[in-house]
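Scroll down for the structure; my scribbles are underneath it.
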There are 2 protein chains.
Amino acid sequence: MTITNAPAPRASGATSSVAPGTRVAVSTVIFTLRRSAGQERASVALPLVRRQSDPHEGQWALPGGWLDIVEDLDAAASRTLAETTGLAPSYLEQLYAFGAVDRSPTRVVSIVYWALIRPDEMADTSDENVRWFDADDLPNLAFDHNQIVAYALWRLRNKVGYSQIAHGLLADEFTLAELREVYESILRRKLDPANFRRQVEGTDTLLPTDRFRKGSHRPARLYRFNQDVELADRGPLGVRP
Amino acid sequence: MTITNAPAPRASGATSSVAPGTRVAVSTVIFTLRRSAGQERASVALPLVRRQSDPHEGQWALPGGWLDIVEDLDAAASRTLAETTGLAPSYLEQLYAFGAVDRSPTRVVSIVYWALIRPDEMADTSDENVRWFDADDLPNLAFDHNQIVAYALWRLRNKVGYSQIAHGLLADEFTLAELREVYESILRRKLDPANFRRQVEGTDTLLPTDRFRKGSHRPARLYRFNQDVELADRGPLGVRP
DNA sequence: TCAAAAGTGTTGAGCTTACACCCATGC
DNA sequence: GCATGGGTGTAAGCTCAACACTTTTGA
C-alpha cells in the first residue's frame with residue numbers, strides 16, 4: 001500500500017532542514033458598521049492601507065506586517081489593528097493561512113485574522129494612506145486580498161447566525177432594536193422584531209437592566225451582554241484573544 | 001483616537017523588513033475509523049510518528065515537515081499524508097495556524113491540516129516509527145500536539161453534524177447502516193435508524209443504486225454519494241483540495 | 001389624539017424525537 | 001417458522017415565521 005518513492009516519514013519540528021526564503025506575514029480584516037448618508041441600513045466597512053512600495057505599489061491592501069520572531073500570532077494581529085485604528089479589538093479570531101506559491105513575487109505565507117471594532121470607537125484617521133471602504137464595494141486590492149476579504153465576510157455572515165459576535169459591534173448597553181439592526185446590517189435583510197426578541201431572550205446571553213433608552217417614542221429597555229456566556233471563539237488553545 | 005507610540009500603518013507584503021529565523025512547518029491530523037477487537041463501535045484513530053531528533057526526541061508527534069519554498073500549503077499537507085500513509089486523502093482541510101513563541105525551542109509556525117482516509121485503504125505500515133493510536137487515548141505528544149489533536153477532534157465532531165464529511169470515511173457504495181455507523185462512531189452515541197434514514201434521505205446528497213448488500217438478513221440497498229453536491233469545504237479560494 | 005416604536009399573543013408549517021409496526025431474508 | 005436487521009408510519013413536542021394586537025411614549 002505504501003507508495004514507492006516516498007521518503008521516510010518525518011515528524012514536524014525536526015531541525016535537520018530549514019525552509020530558507022519563506023517569510024511569515026500577519027494581516028487583519030477589521031470590520032465595523034458604518035451608516036452612510038442616505039442609506040437605510042448601516043453597512044459593513046473595513047480599513048485598507050495604500051501600499052508604498054514595490055509589489056502592487058499604490059494599490060489598497062489589508063493592514064498587516066511581518067511577524068516578529070518574539071511575537072505571538074495573535075499579538076501581531078492586535079498590533080496591526082492598533083497601528084491602523086488605534087484601538088483594541090472587541091473580537092479577534094484567526095481566519096486562515098494563505099500560502100499559495102504565486103500569491104506574491106516572493107514567498108510569503110500570510111496568517112490572516114479578522115476582527116470587530118465598535119462603530120462608536122472607530123478612529124477617524126487623518127492619514128491619507130488609510131481609508132475605510134464598504135465591504136461590498138471594494139476596488140481591486142493587492143495580492144489575493146479581494147479573495148481574503150470575501151472569505152472573511154462569509155465567515156462574519158455565517159458566524160453571526162450561531163454565535164454572539166454581534167455584541168462586538170455594540171456598546172456596553174444597548175436596546176434590542178440596536179442589536180437587531182446589527183444583525184440586519186450584517187445579513188442585509190429585515191428581521192421580524194417580535195421573533196427576534198423572543199429568539200434572543202430565549203438564550204441566556206442578555207441581561208436586562210433597569211434603564212431605558214428615551215427617544216421619540218416609547219422608551220426601550222437597555223440590555224447588557226452576559227459576560228458569563230462564552231462571548232466568542234476562544235480558539236483551539238482556549239485562551240482569550 | 002490614534003495611540004501615541006504606534007508606528008505608521010504598514011500594508012502586508014512590504015519588502016522593507018524581513019522576519020529572520022521564523023520557519024514554517026506543515027502538519028496533518030489524519031483521521032480514520034478503526035474497529036478494535038472487543039469494541040462495540042469503531043473509534044477514531046490517527047497515525048503518529050516517533051521523533052528521531054532533538055526537541056522531544058523519542059516522543060510521538062503529528063506527521064509533518066518543513067514547507068518547501070515552491071510548494072503550496074495544501075500540497076505540503078498532501079505530501080505529509082502520502083509519506084505517512086501512502087495514500088491520497090478523501091478529505092483535506094486547513095485546521096489552524098499555531099505560532100505561539102514558546103511552542104518550540106526555535107521559532108516555528110505550524111500550519112496544521114486535518115484529513116480523512118477510508119478505513120479500507122488504511123496502509124499497514126511496517127515502519128516501527130509510525131503507529132496508529134485511538135484519538136481518545138493518546139500518550140503525551142511532542143510540542144503542543146495534544147492540544148492540536150483535541151481541536152481537530154472537536155472540528156471533526158462538530159462538522160459531521162452539518163456537512164457531508166462522513167462520506168470521506170466510506171467506500172463508493174455503502175448501506176445506510178454503514179453510513180450511520182460512521183456517524184455513531186464519530187459522535188460516540190447511538191442514532192435512531194428510522195430517523196437517521198429520513199434525515200439523510202431528505203437531503204439530495206445520496207443516490208440510491210439498484211444493488212443490495214447481502215448479509216445474514218434482509219438485503220440493504222446500496223447508495224452512492226451525489227457528486228453534484230458540495231462534498232466538502234473547498235476553502236476560501238474555492239478550489240478542490 | 002395620533003404616529004411610531006416597544007412589546008405580547010396566536011397560529012400553522014416544518015422539523016425532531018420516540019417508538020410501534022411491517023417487510024424480507026438466512027437459517 | 002423465527003430471529004434480525006431493513007424499512008415505513010405516526011403522533012407529541014419543539015422551533016420558527018408570519019402577523020394581529022396591545023402598550024407607552026413624544027409631539
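Throughout, protein chains are lettered first and strands after them, A, B, ... in sequence-line order, and every chain is numbered starting at 1. All values below come from the heavy atoms of this structure, side chains included, with hydrogens, waters and symmetry mates left out.
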Just how far, in rounded Å, is [atom2] of [N] from [atom1] of [X]?
X: B:N195; N: D:dG7; atom1: CG; atom2: P; value: 15 Å
X: B:R198; N: D:dG6; atom1: CZ; atom2: P; value: 15 Å
X: A:L179; N: C:dG7; atom1: CG; atom2: P; value: 13 Å
X: A:D192; N: C:dT8; atom1: CG; atom2: C1'; value: 12 Å
X: B:Q199; N: C:dG14; atom1: CD; atom2: C1'; value: 13 Å
X: A:R197; N: D:dT22; atom1: CZ; atom2: C1'; value: 13 Å
X: A:F174; N: C:dA5; atom1: CZ; atom2: P; value: 20 Å
X: A:E184; N: C:dA5; atom1: CD; atom2: C1'; value: 13 Å

Check: For the residue pair A:H145 and A:F143, does the interplanar ring angle fall in the parallel (under 30°), tilted (30 to 60°) or perpendicular (over 60°) class?
Finding: tilted
Item checked: Whether B:F174 and B:H167 hold their rings parallel, tilted or perpendicular, with breakpoints at 30° and 60° -> tilted
Check: Would B:R155 and B:N158 count as having a side-chain donor-acceptor pair, cut-off 3.5 Å?
Finding: no
Margin query: Within the 4.5 Å heavy-atom criterion, are A:L62 and A:V29 side-chain neighbours or not?
Written below: yes
Next item on the list: Tell me which of A:A194 and B:R180 sits closer to the 5' end of DNA chain D, going by the nucleotide each one is nearest to.
Entry: B:R180
Note to self: Which residue in the set A:R188, A:K190, A:R35 passes salt bridge (Lys or Arg N to Asp or Glu O under 4.0 Å) when paired with A:E181?
What the structure shows: A:R35
Next item on the list: Inspect the contact between B:D136 and B:R41 and indicate whether a charged nitrogen and a carboxylate oxygen are less than 4.0 angstrom apart.
Entry: no
Note to self: What's A:A177 touching, base or sugar-phosphate or nothing? Going by heavy atoms closer than 4.0 Å.
What the structure shows: sugar-phosphate
Checklist line | Any residue of residues 211-224 of chain A with a heavy atom less than 4.0 Å from an atom of DNA chain C | finding: A:H217, A:R218, A:P219, A:A220, A:R221
